Amino acid sequence: MSRQSSRIGDSKKVNGELFTLTYGALVAQLIKDYENDEQVNKQLDRMGYNMGVRLIEDFLARFNIGRCSDFRETADIIAKHAFKTYLGLTPVISNWSPAGDEFSLMLETNPLTEFVELPPGHSNLNYSNLLCGVLRGALEMVQMDVDVRFVQDALKGDNVTEIRLKFIKKLEDAVPAGED
């Protein structure tokens, strides 16, 4: 019995490592395909956005969470449920703005960056920019327009990785023209 449970733990580690290596290969290919880091960052954000638009359905089905009453509740759900479920970590929520419309997610570790060093000449590359896109896409699907960006990155020598989220506006449910 214990042998079987250790295999389950090993398979999670293998799956995580396979994901990390596959993501690394994707980023390496984007670096080859595009002229500069800003274009690679845009592509990673776009891919993440498309993932977030789809992941939110899975997330809402798993947790059956109703509408958040404010941005603080949204932050708690992102940190305690979404990151834990999909990345196996719980970021620290910090640096709230006085207006309560902006906060940071602090990641001590980032599973996307295991085994990674930024290639020389790519100091503007936001290697994990996919995460920003995922957050932006998922939140847009629950009627929140947000700006998501990296402030600090451990790959660039910072002590932690910091992702900053800023609430821009509540999106209104749109009814297609002619269908009201």
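Keep in mind that this is a model prediction, so the values were computed, not measured.
Ile65 is connected to Tyr86 through a chain of hydrophobic side-chain contacts under 4.5 Å among Ile, Leu, Val, Met, Phe, Trp and Tyr, so both are in one cluster. At a threshold of 4.5 Å between side-chain heavy atoms, the hydrophobic network of Ile, Leu, Val, Met, Phe, Trp and Tyr places Val151 and Tyr127 in two separate groups. By the rule that hydrophobic residues join a cluster once side-chain heavy atoms approach within less than 4.5 Å of another member, Leu89 and Met51 end up as members of one cluster. Clustering ILVMFWY residues whenever any of their side-chain heavy atoms sit less than 4.5 angstrom apart, transitively, puts Leu26 in the very cluster that holds Val116. Under the 4.5 Å side-chain contact rule for hydrophobic residues, Ile168 and Ile163 do not share a cluster.
Looking only at atom types and distance, the side chain of Glu108 has no donor-acceptor partner in the side chain of Asn159 under 3.5 Å away. Counting only N and O atoms by type, the side chains of Lys156 and Asn124 include no donor and acceptor under 3.5 Å apart. Side-chain atoms of Thr161 and Asn110 form no donor-acceptor pair, as typed in the model, at a separation below 3.5 Å.
When all heavy atoms are compared, the tightest approach of Val53 to Glu57 is O-OE2, 4.4 Å. Nearest heavy atoms, Ile93 versus Ala75: CD1-O, 3.3 Å. Taking every heavy atom of both residues into account, Arg67 and Val142 meet most closely at NH1-O, 4.0 Å. Nearest heavy atoms, Arg164 versus Ser104: NH1-OG, 2.8 Å. Across every non-hydrogen atom of Ser128 and Thr113, the tightest pair is OG-CG2, 3.6 Å. The shortest heavy-atom contact between Ala138 and Ile56 is O-CG1, 3.8 Å.
The closest side-chain heavy-atom distance from Trp96 to Arg72 is below 4.5 Å. Counting only heavy atoms from C-beta outward, the side chains of Leu155 and Glu117 never approach each other to under 4.5 Å. Side-chain contact between Lys169 and Leu171 is present, with at least one heavy-atom pair separated by less than 4.5 Å.
Taking the six-membered ring where tryptophan is involved, the planes of Phe167 and Phe71 are tilted, since the angle between them lies from 30° to 60°.
Residue Tyr23 holds its OH atom at 5.5 Å from CG of Leu112, rounded to the nearest 0.5 Å. Note that CZ of Phe103 is 10.0 Å distant from OG of Ser97, once rounded to the nearest 0.5 Å. Rounding to the nearest 0.5 angstrom, the gap separating the SG atom in Cys68 from the CD1 atom in Ile77 is 3.5 Å. Atom CG of residue Asn126 and atom CG of residue Asp153 lie 6.5 Å apart, to the nearest 0.5 angstrom. Here CG of Leu44 is found 12.0 Å from CD of Gln39. Values are rounded to the nearest 0.5 Å. Taking CE from Met47 and CG from Leu130, the interatomic distance works out to 8.0 Å, rounded to the nearest 0.5 Å.
Within a 6.0 Å sphere centred on OH of Tyr34, heavy atoms belonging to other residues, nucleotides or ligands number 12 at most.
Connectivity analysis of hydrophobic side chains (ILVMFWY, heavy atoms under 4.5 Å, direct or indirect) links Met106 to Val92, Val160.
Under the rule for a salt bridge (Lys or Arg N to Asp or Glu O under 4.0 Å), Asp37 has no partner lying at least two apart in sequence or in another chain. Not counting sequence neighbours, the partners of Gln29 by the side-chain hydrogen bond (donor to acceptor under 3.5 Å, both in side chains) test are Asp33.
The one candidate from Val148, Asp101, Val146 that meets the side-chain contact (heavy atoms from CB on, under 4.5 Å) condition with Lys166 is Asp101.
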Apply the test side chain to side chain contact (heavy atoms under 4.5 Å, CB included) to residues Met141 and Leu60: give CA-CA distance (whole Å), side-chain angles for both, the deciding distance (0.1 Å), then the verdict.
-> CA-CA 11 Å; Met141 292 297 103; Leu60 292 173; over 6 Å; no
Test log, rule side chain to side chain contact (heavy atoms under 4.5 Å, CB included), inputs Leu105 and Glu162 | CA-CA 6 Å; Leu105 294 172; Glu162 178 181 355; over 6 Å; no
Can Met144 and Lys170 be said to form a side chain to side chain contact (heavy atoms under 4.5 Å, CB included), step by step?
-> CA-CA 5 Å; Met144 291 183 152; Lys170 183 182 185 312; over 6 Å; no
Given side chain to side chain contact (heavy atoms under 4.5 Å, CB included), test Tyr49 with Val134 step by step and report yes or no.
-> CA-CA 5 Å; Tyr49 175 86; Val134 168; over 6 Å; no
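Remark: side-chain polar atoms of Glu140 are not paired, donor with acceptor, to backbone N or O of Arg136 under 3.5 angstrom. Between the side chain of Asn129 and the main chain of Asn41, a donor-acceptor pair closer than 3.5 Å is present.
A salt bridge between Asp58 and Arg62 is present, with a side-chain N of the basic residue lying under 4.0 Å from a carboxylate O of the acidic one.
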